[in-house]
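The basis for the numbers below is simple: all heavy atoms, side chains too, and nothing from hydrogens, waters or symmetry mates. Each chain gets a letter, A, B and so on, in the order its sequence line appears, and its residues count up from 1.
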Protein chains: 2
Amino acid sequence: MRTKDPAVRSLLLDRAAQMLRTRQPVTLRSLVAGTDVSTMAVYTYFGGMDGLWKALRQEGFTRLAAKLAAVPMSEDPVHDLAALGAAYLSNALEAPDLYRVMFDTGFELEDAAAADESLHSLVHAIERAKAAGRFRGDVDPVALATQSWAIGHGLASLVATGPLPHAALAHVVPVLTALFIGAGDTPDRCRQSVERGWNQNPPA
Amino acid sequence: MRTKDPAVRSLLLDRAAQMLRTRQPVTLRSLVAGTDVSTMAVYTYFGGMDGLWKALRQEGFTRLAAKLAAVPMSEDPVHDLAALGAAYLSNALEAPDLYRVMFDTGFELEDAAAADESLHSLVHAIERAKAAGRFRGDVDPVALATQSWAIGHGLASLVATGPLPHAALAHVVPVLTALFIGAGDTPDRCRQSVERGWNQNPPA
DNA sequence: CGCGTAAGCATAGCAATGTTATGTATTGTG
DNA sequence: CACAATACATAACATTGCTATGCTTACGCG
């Protein structure tokens, strides 16, 4: 028998991601055109176009998780939360079409764990903030992480899909600041931490 | 010559919205099947499927604006802001597919004004909150409205597309509360206003 | 080392999609 | 009442994703 060549799978995924980036329609035939593989490759490696989209979604979540994991942690957990937010928005806006695919319904995500994975880095930073006395002891880390995520996703989505201009991303700073102050942080200190975390690596 | 019958246009739009709600694929032929009009109707009234999607988007924004306009205003502007948020999320979640179409890129919105229209009710309530001394004088109403919108959209989008469960909508209460406290409102009073505004008409 | 077989892979054909072309019917207008 | 412009129906067309059919390849076992 014959074994699958993982290089072909990566080739198709990368090419699909690139076509997404350059805003060319990703169609079965246009995807394999220019390569030495034929349309059947999509079926042997992904089972069809739906499988390709699902794989692309997972690819998006994987890249996001990698970006978040690459953010260096400091001794200031609130600073780190803002830095994670900046990384999240950077990732979303440097490949808006991929970000949109990530949250496209209709393709059940075989991942499910990937989204939680990304949330976990937020949860961990929030737990550190509690341990450091920055946040009150009664804050629910998962709830606060979910709320932060919703804020970042809301802005990323509105910018990626058009209604808001690129510059609107900066709105995340005052909103996160208000949220973290509500969680117990000292206002002045919170403002400083969030702003430094954001400015350390703001979206282009 | 012959004049267009506006009833046909409404029929197609309503039928498309209904098919969206029942999660049937909205295709040119399936749309006109079962009616007495033929495929050409879509072209005479919308210029093609793209035109139909654009019209559906506008329909979504129009319905949203109507729902927001129907929210009764009280003497408590912070209460009203929460009520507007509840109406926004109710509207989004009672027709999630239409909501998703509203923020689908690829179809430039001939509306543009419609989105701003919805924002305006928020801006107005924020201005009333400033006038009532609930918010500081230096808050930018448009900026604060945009931030509130991003919060609502983020939660609505994450729930509508799957990652978060229905119950996660309640997260909007603590986040809006923190945001409004950050805008200058008194913590206890803010909490009461937001909770009452939310509970007055919470999403099903 | 070699062969058989299971799986990758290419070609071609199929159903369904959106669109356009062409002719007909209808209805507002002078 | 006649003209003409426009809605409308039918049908053909290009492109989409998918499947059927062979053929080729290379892994595994004797």
Side-chain angles (χ1 to χ4, degrees), chain A residues 1-59 97-98 100-101 104-110, chain B residues 1-59 97-98 100-101 104-110:
Chain A
M1 54 182 169
R2 235 167 128 178
T3 60
K4 302 192 199 199
D5 182 3
V8 175
R9 185 181 209 271
S10 305
L11 170 74
L12 289 177
L13 267 183
D14 286 348
R15 188 172 162 80
Q18 184 201 347
M19 294 179 70
L20 225 58
R21 208 174 306 123
T22 56
R23 310 191 76 79
Q24 305 170 25
V26 179
T27 161
L28 172 64
R29 286 172 169 83
S30 71
L31 179 65
V32 301
T35 74
D36 55 349
V37 304
S38 99
T39 60
M40 277 303 297
V42 175
Y43 287 84
T44 58
Y45 287 95
F46 302 100
M49 285 303 280
D50 278 26
L52 180 95
W53 289 113
K54 292 209 311 193
L56 260 183
R57 280 183 46 146
Q58 190 150 17
E59 175 79 8
D97 302 86
L98 184 57
R100 231 174 297 123
V101 171
D104 244 5
T105 180
F107 311 105
E108 299 90 27
L109 45 153
E110 58 196 274
Chain B
M1 57 181 167
R2 237 168 122 179
T3 61
K4 300 190 204 211
D5 182 5
V8 175
R9 187 190 154 94
S10 304
L11 170 75
L12 289 176
L13 266 184
D14 286 348
R15 188 172 163 81
Q18 184 201 348
M19 294 180 71
L20 224 60
R21 207 174 307 121
T22 57
R23 309 190 75 79
Q24 305 170 25
V26 178
T27 164
L28 173 64
R29 285 172 170 80
S30 71
L31 179 65
V32 301
T35 74
D36 55 349
V37 305
S38 99
T39 60
M40 276 304 297
V42 175
Y43 286 84
T44 57
Y45 287 95
F46 301 100
M49 284 304 280
D50 280 26
L52 180 97
W53 290 113
K54 292 209 310 196
L56 260 182
R57 280 183 47 147
Q58 190 150 16
E59 175 79 7
D97 302 85
L98 184 58
R100 229 175 297 120
V101 170
D104 244 5
T105 179
F107 311 105
E108 301 91 26
L109 44 154
E110 59 196 274

Taking all heavy atoms of [X] and all of [Y], pick out the closest pair and write down the distance.
X	Y	value
B:A16	B:L52	CB-CD2, 4.3 Å
A:F46	A:A55	CE2-CB, 3.7 Å
B:R57	B:V101	CG-O, 3.2 Å

What side-chain donor-acceptor pairs closer than 3.5 Å can you find for residues 1-9 of chain A, not counting sequence neighbours?
residue : atom : partner : partner atom : Å
A:K4    : NZ   : A:T44   : O            : 2.8
A:D5    : OD1  : A:A7    : N            : 3.1

Starting from [atom2] on [N], measure out to [atom1] on [X] and report it in whole angstrom.
X	N	atom1	atom2	value
B:M49	C:dT20	CE	C1'	16 Å
B:D5	D:dA9	CG	P	12 Å
B:W53	C:dT19	CH2	P	12 Å
B:L31	C:dG18	CG	P	9 Å
B:L11	D:dC8	CG	C1'	15 Å

Check: protein-nucleotides 15-17 of chain C nitrogen or oxygen pairs below 3.5 Å:
residue : atom : partner : partner atom : Å
C:dT17  : O5'  : B:T27   : OG1          : 3.4
C:dT17  : O3'  : B:T27   : OG1          : 3.2

From A:D14 atom CG to A:E59 atom CD, the distance as rounded to the nearest 0.5 Å
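It comes to 6.5 Å.
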Five pairs at each end of the helix from C:dC1-D:dG30 to C:dG30-D:dC1: take the axis at both ends and give me the angle between them to 10°.
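Comparing the axis at each end, I get an angle of 10°.
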Using a 4.0 Å cut-off on heavy atoms, which residues in residues 33-43 of chain B reach DNA chain C? List them by number, or say none.
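Here the set is B:M40, B:Y43.
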Should the pair A:D97-A:R23 be classified as a salt bridge under the 4.0 Å nitrogen-to-oxygen rule?
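Yes, charged N to carboxylate O under 4.0 Å.
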Produce a footprint string for nucleotides 24-30 of chain C: one letter per nucleotide, 5' end first; B if the base is under 4.0 Å from any protein heavy atom, S if only the sugar-phosphate is, - if neither.
--BBB--
Residues in side chain to side chain contact (heavy atoms under 4.5 Å, CB included) with B:Q24, at least two apart?
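If we apply the side chain to side chain contact (heavy atoms under 4.5 Å, CB included) test to B:Q24, skipping adjacent residues, the hits are B:M19, B:T22.
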Distance-only donor-acceptor pairs under 3.5 Å for side chains of residues 25-32 of chain A, two or more places apart:
residue : atom : partner : partner atom : Å
A:S30   : OG   : A:P25   : O            : 3.3
A:S30   : OG   : A:T27   : N            : 3.1
A:S30   : OG   : A:T27   : O            : 3.1

Nearest-nucleotide wise, let me know which of A:Y45 and B:G48 is further upstream toward the 5' end of DNA chain C.
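Result of the comparison: A:Y45.
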Check whether any side-chain heavy atom of B:L13 sits under 4.5 Å from a side-chain heavy atom of B:Y45, and report yes or no.
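The answer is no; the side chains never approach within 4.5 Å.
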Side chains of A:M49 and A:V42: closer than 4.5 Å at any heavy-atom pair?
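A side-chain contact exists here, since the closest heavy-atom pair is under 4.5 Å.
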